[in-house]
Novice: 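Attaching a single structure in structure tokens format; questions to follow.
Any value given below was found using the heavy atoms of this structure, including those in side chains, with hydrogens, waters and symmetry copies removed.
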Amino acid sequence: LKSSDPLAVAVPTPSAVVVVYASGSQSAARLTVALTLDSGSSWLTSDLPSLTPVASARLAFADPKTGYLALSGGSPATAAVFRTVDSGRTWTKTSSLSFPATAFSATSASTLWAGQSSAGGSTQPTLAVSRDAGQSWQNVDLKVDAHDLSNGGGVVLPARFISGGSAVGVVLDPTDHRMYFITTSDS
């Protein structure tokens, strides 16, 4: 496998690796997904629709076959969400996010979480959930007062999911080093 500019890597099983990479110029980048199911002995590749420019990519697999890819870029910055149900051989666009996904997680084949950092801007961090395999998204109220992040910044880290469907997320305010732990018990 030869690639330039790897954007994201996922390891859904011990012998499977999925790599998203870009080739060509930024104005005419070609996005490719490379997949191995045999620990790198052989590779399959498939092209994705181009987004120009692509600033970042996030991969998240819920199980060995079902995975999601968020490609962020454009102006204003958004993210296109793609889904695979065959371990990464083929990808289908499911939806778009109205913000760039700086954090992305799949907790089941149908439940996804996407977060956006507000670092360097005046908006608060954003966290959204899809419970229909990426078809639609609902914003999650982080219950962080605007004045709590008045110094700017704030970073949503990927949610960590624990037993019983509970989630724990973290919002960091880098200017005064305060952390906000956000929990949910409703998946």
Novice: Show the nearest heavy-atom pair for residues Ser56 and Ala101, with the distance to one decimal.
Specialist: OG-O, 4.2 Å
Novice: Within a strict 4.5 Å, meaning less than it, do heavy atoms of the Leu59 and Val9 side chains meet?
Specialist: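 No, every pair of side-chain atoms sits at 4.5 Å or beyond.
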Novice: Would the distance check show the side chain of Thr94 and the main-chain N or O of Val81 forming a donor-acceptor pair, the cut-off being under 3.5 Å?
Specialist: yes
Novice: Do Leu71 and Leu31 have side-chain heavy atoms sitting under 4.5 Å apart?
Specialist: yes
Novice: For a quick test of reading the model, state the closest non-hydrogen atom pair linking Ala10 to Phe61 and the distance between them.
Specialist: CB-CD1, 3.8 Å
Novice: Checking the side chain of Thr36 only, and the main-chain atoms of Val18 only, is there a donor and an acceptor separated by less than 3.5 Å?
Specialist: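 Not a single qualifying donor-acceptor pair exists.
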Novice: What closest approach, in Å, do Ala133 and Leu112 show between heavy atoms, and which atom pair accounts for it?
Specialist: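 Smallest interatomic distance, heavy atoms only, reads C-CD1, 4.2 Å.
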Novice: Does the side chain of Leu48 reach to within under 4.5 Å of the side chain of Thr32, using non-hydrogen atoms?
Specialist: no
Novice: Should Val85 and Leu44 be counted in the same cluster of Ile, Leu, Val, Met, Phe, Trp and Tyr side chains packed under 4.5 Å apart?
Specialist: no
Novice: Got a sec, which residues hit salt bridge (charged side-chain N to carboxylate O under 4.0 Å, His left out) with Asp38, two or more places apart in sequence or on another chain?
Specialist: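 Expected list: none.
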Novice: Do Trp113 and Thr107 come within less than 4.5 Å of each other through their side chains, counting heavy atoms only?
Specialist: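 Of all side-chain heavy-atom pairs linking Thr107 with Trp113, at least one is under 4.5 Å.
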Novice: Quick one: pull up CG in Asp132 and OG in Ser95 and give me the separation to the nearest 0.5 Å.
Specialist: 8.0 Å
Novice: Taking all heavy atoms of Ser130 and all of Ser136, pick out the closest pair and write down the distance.
Specialist: OG-O, 2.9 Å
Novice: Can you check side chain to side chain donor-acceptor pair (under 3.5 Å) on Ser46 and Trp91, steps first, answer last?
Specialist: CA-CA 8 Å; Ser46 61; Trp91 295 84; 4.5 Å; no
Novice: How many angstroms lie between CG in Leu69 and OG1 in Thr84, if you round to the nearest 0.5 Å?
Specialist: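 Nearest 0.5 Å value for the CG-OG1 distance: 10.0 Å.
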Novice: Return the minimal non-hydrogen interatomic distance between Pro14 and Ser39, and the atom names on each side.
Specialist: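 It is O-OG, 4.4 Å.
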Novice: Under the side chain to side chain donor-acceptor pair (under 3.5 Å) definition, can you give me all pairs with a residue in residues 58-68, not counting sequence neighbours?
Specialist: Asp63-Thr66, Tyr68-Arg83
Novice: Does Val19 form a side-chain contact (heavy atoms from CB on, under 4.5 Å) with Val17? I'd like the steps, not just the answer.
Specialist: CA-CA 7 Å; Val19 179; Val17 178; 4.0 Å; yes
Novice: Given side chains that start at C-beta, do those of Phe82 and Val33 come closer than 4.5 Å, heavy atoms only?
Specialist: no
Novice: Are Leu37 and Arg89 side-chain neighbours, meaning at least one heavy-atom pair lies under 4.5 Å?
Specialist: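 Counting from C-beta outward, Leu37 and Arg89 do come under 4.5 Å.
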Novice: Please give me the minimum heavy-atom distance between Ala22 and Leu7, naming the atom from each residue.
Specialist: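 Scanning both residues completely, I find the closest heavy atoms to be CB-CD1, 4.2 Å.
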Novice: Please lay out, stage by stage, how Trp43 and Leu35 fare under the test side-chain contact (heavy atoms from CB on, under 4.5 Å).
Specialist: CA-CA 5 Å; Trp43 291 85; Leu35 162 71; 5.6 Å; no
